[in-house]
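Here is the structure we will look at.
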Amino acid sequence: MLEAVFREWLSWVYPFVCELCGRGGLDGCHVCPECRGRFVPIEPPCCAVCGEPAEGSFIPSGLCVRCAETAPSFEEARAVYVNEGALRDLLLAFKYAGAVHLAGTFAGMMADAVRGNPHWFGGKKRLLVPVPMHRRKLVRRGYNQAQELAVLLGRELGWPCAGVLKRLPDRMPQASLAREQRLRHARKIYAADGKRIKRHPVAGRDVLLVDDVFTTGATADACAHLLLRAGAASVCVLTLARTHHAWHG
């Protein structure tokens with residue numbers, strides 16, 4: 001923990017140094033172009049709905065087997081990179097070790113992907129909604145990584161952002177559950193925040209749900225379901241990374 005605090009302090013004292021190779025003088029980010037170039041991008045062909053890369057499981061409609069059998073609540077999900085190697089290490093530091101200074105770098109990568117793929121999400125300007133974190137965990141961690149990404153992504157793209165969902169109390173770690181269990185369980189641990197939806201209505205709006213990593217799609221499906229029930233016209237999903245076993249397991 002002390003090491004993580006020291007690294008975070010150091011990043012503010014000596015800003016814009018590459019977290020991976022130590023190269024300095026970077027222009028407003030913490031990963032140099034060379035190190036970023038070693039991240040593995042998610043490239044087509046992918047499932048038209050969940051974004052799963054094609055590995056022999058596609059049908060002629062362009063959908064993966066899972067989406068062909070049971071369509072998720074979201075319209076389209078896209079991730080920028082595969083969650084592995086150095087990027088995975090950075091995301092773990094961002095999520096669990098207090099490296100909140102990485103939020104701007106990650107949001108910039110996500111914004112670059114959106115601008116570089118104008119066909120994503122129907123080409124529409126969308127209301128950004130972060131995946132929520134339970135308030136007790138938020139107090140312990142001090143920040144919600146999805147919220148940090150959504151706010152900064154909104155600034156990059158000029159899109160509005162509103163935290164209109166909430167996480168309910170839950171003692172069961174989702175990481176311990178199989179995919180089908182996660183899908184059922186996720187529907188029980190998220191809810192719409194009525195007070196915030198009154199201040200930031202989603203009815204009739206196209207929404208983009210924002211999170212750091214897409215794993216099984218259970219969280220995205222549950223949150224999209226709630227947003228549609230609240231009147232959203234459509235819900236799409238954007239994450240920085242996608243975990244390997246999302247399409248292997």
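The analysis underlying the following values was restricted to heavy atoms, covering all of them including side chains, and did not include hydrogens, waters or symmetry mates.
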Under the side-chain contact (heavy atoms from CB on, under 4.5 Å) test, residues paired with R229 that sit two or more places apart: H225

Interatomic distance, L238 atom CG to E76 atom CD [nearest 0.5 angstrom]: 10.0 Å

Side-chain donor-acceptor contact under 3.5 Å, H101 with E148: no

Shortest non-hydrogen separation from P33 to R23 and the atoms involved: CD-NH1, 3.9 Å

Atom of D211, atom of A146 and distance for their closest heavy-atom approach: OD1-CB, 3.6 Å

V213 side chain reached by L240 side chain, heavy atoms, under 4.5 Å: no

Which donor-acceptor pairs under 3.5 Å do the side chains of residues 151-164 make with protein atoms, sequence neighbours left out?
{"unit_1": "E156", "atom_1": "OE1", "unit_2": "R115", "atom_2": "NH2", "d": "3.4"}

Interatomic distance, C35 atom SG to H30 atom NE2 [nearest 0.5 angstrom]: 14.0 Å

Contacts of type salt bridge (Lys or Arg N to Asp or Glu O under 4.0 Å), residue R205, not counting sequence neighbours: none

Note, L90 side chain near L20 side chain (heavy atom, < 4.5 Å): yes

E69 and C64, any side-chain heavy atoms less than 4.5 Å apart: no

Close side-chain approach of P130 to Q145, heavy-atom, < 4.5 Å: no

Hydrophobic cluster identity match, F214 and L165, side-chain contacts under 4.5 Å: yes

Expected output: side-chain N144 to main-chain V131 donor-acceptor under 3.5 Å: yes

Backbone of G217 reached by a side-chain donor or acceptor of D221 within 3.5 Å: no

Closest approach of V49 to L63 (non-hydrogen atoms, all atoms of both residues): CG2-CD2, 3.5 Å

Heavy-atom closest pair, residues P132 and Y190: CG-CD2, 3.6 Å

Audit row: I189, R167, side chain to side chain contact (heavy atoms under 4.5 Å, CB included) steps and yes/no: CA-CA 6 Å; I189 60 175; R167 173 80 180 252; 3.5 Å; yes

Atom pair CG/CG of N83 and L92 - distance to nearest 0.5 Å: 7.0 Å

R38 side, atom CZ; C21 side, atom SG - distance, nearest 0.5 Å: 7.0 Å

All pairs passing side-chain hydrogen bond (donor to acceptor under 3.5 Å, both in side chains) where residues 230-241 contributes a residue, at least two apart: R126-S234, D206-S234

Pair L209-L227, side chain to side chain contact (heavy atoms under 4.5 Å, CB included): steps then yes or no: CA-CA 9 Å; L209 187 71; L227 291 164; 4.3 Å; yes

I42 and R78: CA distance, side-chain angles, deciding distance, side chain to side chain contact (heavy atoms under 4.5 Å, CB included) verdict: CA-CA 8 Å; I42 303 288; R78 293 293 176 261; over 6 Å; no

Beyond-backbone contact of E19 with L102, side-chain heavy atoms, under 4.5 angstrom: yes

Partners meeting side-chain contact (heavy atoms from CB on, under 4.5 Å) with R36 (sequence neighbours left out): V31, F39, Y81, M109, D112

Residue pair L168 / A191: nearest heavy atoms and the distance that separates them: CD2-CB, 4.1 Å

Value rounded to 0.5 Å, distance of CG in L127 from CG in L208: 9.0 Å

CG on D212 to NZ on K95, rounded to 0.5 Å: 4.5 Å

Summary of ring-ring contact (aromatic ring centres under 6.0 Å, His included) pairs that have at least one residue in residues 105-129, sequence neighbours excluded: F94-F106

Sub-4.5 Å side-chain heavy-atom contact between L228 and S73: yes

Side-chain heavy atoms of V129 within contact of V210, under 4.5 Å: no

Closest approach of P72 to C67 (non-hydrogen atoms, all atoms of both residues): CD-SG, 3.9 Å

Full working for side chain to side chain contact (heavy atoms under 4.5 Å, CB included) between R196 and K166: CA-CA 10 Å; R196 292 187 176 184; K166 60 184 178 181; over 6 Å; no

